[in-house]
K.L.:
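Pasting a structure here, questions to come.
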Amino acid sequence: MTPQPGKRDLFTTRFGAIATTVGSAVGLGNIWRFPYEAGTNGGGAFMLCYIVFIFLLGVPVICAEFTLGRSSRSNYFGAMRHHSRSRFWPLAGYIGILASLMILSFYSVVAGWTVEYTVQSATGALDFSDTGSYHDHFDTFVTGNWRPAMWTLIFLALNFGILMRGVSKGIERFSNILMPVLFLLLIVFCINSLTMDGAREGLTFLFRPDFAALTPATMLSALGQAFFSLSLGLGCMLTYSSYFSTGTRLGRSALTTAMLDTVVALLAGVIIFPAVFTYGMSPSAGPTLVFEVLPSIFHHLPGGVVWSTFFFFLLFLASLTSTISMSEISIAFFTEQLKIRRKSAVILNTAIAAVFGTLCALSFGCLDDLRLFGMTIFNLFDYTTSNIMLPFGGMIISLFVGWRLKRSVLVEEMTCYGTTPFRVMGLLIFLLRWVCPLGIALIFLNSIGII
Ligand code: TRP
């Protein structure tokens with residue numbers, strides 16, 4: 001049976017559905033978070049785990065989210081309720097809402113940094129002859145309190161503006177043009193980095209696994225990064241797929257999304273690490289890494305100011321397509337479950353993120369001393385969402401689709417209601433039933449030292 005889209009606003013083209021899903025996945029997670037996590041987790045070992053997790057655990061969970069979203073045409077809660085009477089499953093939806101608001105908060109801070117750097121690049125304020133200055137310059141900015149906070153709020157205001165315009169009109173048009181341009185720019189920078197003196201050292205760091213560095217903590221970080229980068233585990237892909245048309249092939253879309261997302265992360269790594277070693281920087285600088293390395297790269301390029309302005313602007317746009325997707329999670333919940341108007345839901349979503357986003361922005365400055373488990377608010381939000389809440393959410397979703405969901409629903413969705421073949425059904429079911437939940441559980445237990 002083909003579900004009726006009802007009054008829901010569907011993506012108008014298949015390309016639009018894919019581009020928007022990729023737009024959600026590709027963002028700061030690839031270009032900012034991936035290099036910094038790879039850098040602090042020893043490079044190659046992290047990278048190896050990351051790739052394995054993307055395809056072994058990530059792709060099946062995307063398929064599971066897509067199946068739930070399109071079959072129910074609903075948000076996380078609605079989807080769980082649609083398929084099960086149990087009160088237990090929808091509970092995971094609350095974790096999804098909480099995590100999405102937490103991610104939106106700290107993500108907006110980093111997106112705010114991209115706006116600051118777009119403006120600074122354009123005005124020529126970001127051009128120093130020695131690389132050390134890029135570190136000091138970023139440090140001065142990020143600890144400066146009011147400017148980072150201001151950009152966070154401005155970014156959230158822009159996010160708000162787009163959300164008010166609804167799904168297919170606003171986002172789709174946007175992603176369609178943006179993603180390919182960003183991709184081309186990354187390829188140019190990648191070629192540039194490969195010609196640097198430190199290219200060999202950078203690539204060795206990124207691609208040669210040092211198995212001694214393969215600690216349980218590294219594995220957990222790689223798992224968290226895989227889920228973060230794929231926008232997975234809290235119903236984001238689920239919510240987006242609820243807007244897919246019935247002809248969109250879910251398996252193919254999942255694989256395309258995962259591949260493009262991984263390629264962008266790899267390109268970012270290949271851009272960053274040769275430069276890190278060429279300019280004598282430290283790969284383990286943490287969240288500030290990319291904002292110190294990229295400007296140094298641009299400085300050495302002919303016409304650097306233009307590249308720099310354009311790149312940070314595109315990065316800002318890529319962040320926007322991601323924050324729109326994470327906002328849709330709570331907005332869909334507020335409107336469809338709590339029955340409040342979209343406008344109020346968008347306001348509520350933005351207001352919460354504005355409060356916590358400001359706290360995250362200040363945690364590099366005046367709130368730096370405020371620590372929980374040794375982490376600042378920013379780091380705490382970043383760490384707990386990616387490394388705990390998302391994989392946990394992914395585990396619940398794989399268990400639900402693997403064990404609880406009627407098999408016929410999975411088959412219908414993966415085959416587009418019997419119109420296209422899906423040859424790896426057995427494999428998908430095996431991965432969802434066993435490999436995803438057990439794999440995630442083992443990585444958790446391993447990281448807290450239980451096994
Ligand atoms: N995947 C996005 C990125 O890499 C971030 C993101 C968007 C996200 N929506 C999400 C992460 C939902 C987790 C959950 O930048």
Side-chain angles (χ1 to χ4, degrees), residues 19-38 50 53-54 57-58 61-62 65-66 69 75-76 92-93 95-114 155 159 162-163 167 171 175 178-179 182-183 186 222-241 254 257-269 287 290 314-333 349 353 381-394 396-397:
T20 313
T21 315
V22 174
S24 163
V26 172
L28 293 169
N30 310 61
I31 292 163
W32 159 74
R33 202 175 188 282
F34 173 77
Y36 110 61
E37 284 284 334
Y50 173 72
F53 295 159
I54 286 273
L57 310 178
V61 177
I62 308 184
E65 285 208 18
F66 279 176
N75 62 71
Y76 200 151
I95 300 181
I97 311 283
L98 184 64
S100 72
L101 290 167
M102 287 169 74
I103 295 174
L104 180 62
S105 304
F106 76 80
Y107 202 94
S108 302
V109 174
V110 185
W113 300 348
T114 67
F155 179 82
N159 189 51
I162 295 178
L163 287 168
V167 170
I171 317 172
S175 315
L178 165 72
M179 287 297 130
L182 181 65
F183 200 71
L186 286 172
L223 178 70
Q225 176 60 24
F227 274 77
F228 186 89
S229 198
L230 294 176
S231 309
L232 221 50
L234 38 77
C236 185
M237 290 297 176
L238 189 159
T239 307
Y240 262 21
S241 63
T257 305
M259 286 201 290
L260 288 174
D261 188 68
T262 308
V263 170
V264 175
L266 292 189
L267 287 175
V290 170
L314 284 181
L315 191 52
F316 148 73
L317 290 181
S319 317
L320 208 45
T321 54
S322 297
T323 51
I324 290 164
S325 76
M326 64 187 87
S327 305
E328 282 295 340
I329 303 170
S330 51
I331 293 170
F333 169 73
N349 169 72
F381 275 29
D382 185 0
Y383 185 90
T384 38
T385 49
S386 305
N387 293 6
I388 300 169
M389 295 163 100
L390 301 185
F392 182 75
I396 301 285
I397 290 169

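Just so it is clear, the values below take in all heavy atoms, side chains as well, and ignore hydrogens, waters and symmetry mates. Atoms within a ligand are numbered from 1 in the order they appear, just like the ligands themselves.
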K.L.:
So, for Tyr50 and Phe34, is the gap between ring centers shorter than 6.0 Å?
P.N.:
yes

K.L.:
Taking ring pair (Phe, Tyr, Trp, His ring centres under 6.0 Å) as the definition, give me every residue that meets it alongside Phe392, ordered by chain and number, with sequence neighbours left out.
P.N.:
none

K.L.:
Tell me every residue that passes ring pair (Phe, Tyr, Trp, His ring centres under 6.0 Å) with Phe53, counting only those two or more places apart in sequence or in another chain.
P.N.:
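Result, ring pair (Phe, Tyr, Trp, His ring centres under 6.0 Å) vs Phe53: none returned.
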
K.L.:
Can you give me a line-by-line list of nitrogen or oxygen pairs between ligand 1 and the protein shorter than 3.5 Å?
P.N.:
residue, atom, partner, partner atom, Å
ligand 1, 1 (N), Ser24, O, 3.4
ligand 1, 1 (N), Ala25, O, 3.1
ligand 1, 1 (N), Phe228, O, 2.8
ligand 1, 1 (N), Ser229, O, 3.1
ligand 1, 1 (N), Ser231, OG, 2.9
ligand 1, 4 (O), Ala25, O, 2.8
ligand 1, 4 (O), Gly29, N, 3.3
ligand 1, 4 (O), Asn30, OD1, 3.3
ligand 1, 9 (N), Ser231, OG, 3.3
ligand 1, 9 (N), Ser325, OG, 3.1
ligand 1, 15 (O), Leu28, N, 3.2
ligand 1, 15 (O), Gly29, N, 2.8
ligand 1, 15 (O), Tyr107, OH, 2.4

K.L.:
Between Ser108 and Asn159, is any pair of side-chain heavy atoms under 4.5 Å apart?
P.N.:
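The answer is no; the side chains never approach within 4.5 Å.
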
K.L.:
List in chain and number order the residues that pass side-chain hydrogen bond (donor to acceptor under 3.5 Å, both in side chains) with Ser386, two or more places apart in sequence or in another chain; answer none if no residue qualifies.
P.N.:
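Listed in chain order: Arg33.
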
K.L.:
Kindly indicate whether the side chain of Ser24, heavy atoms from C-beta on, has any atom under 4.5 Å from the side chain of Cys236.
P.N.:
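Of all side-chain heavy-atom pairs linking Cys236 with Ser24, at least one is under 4.5 Å.
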
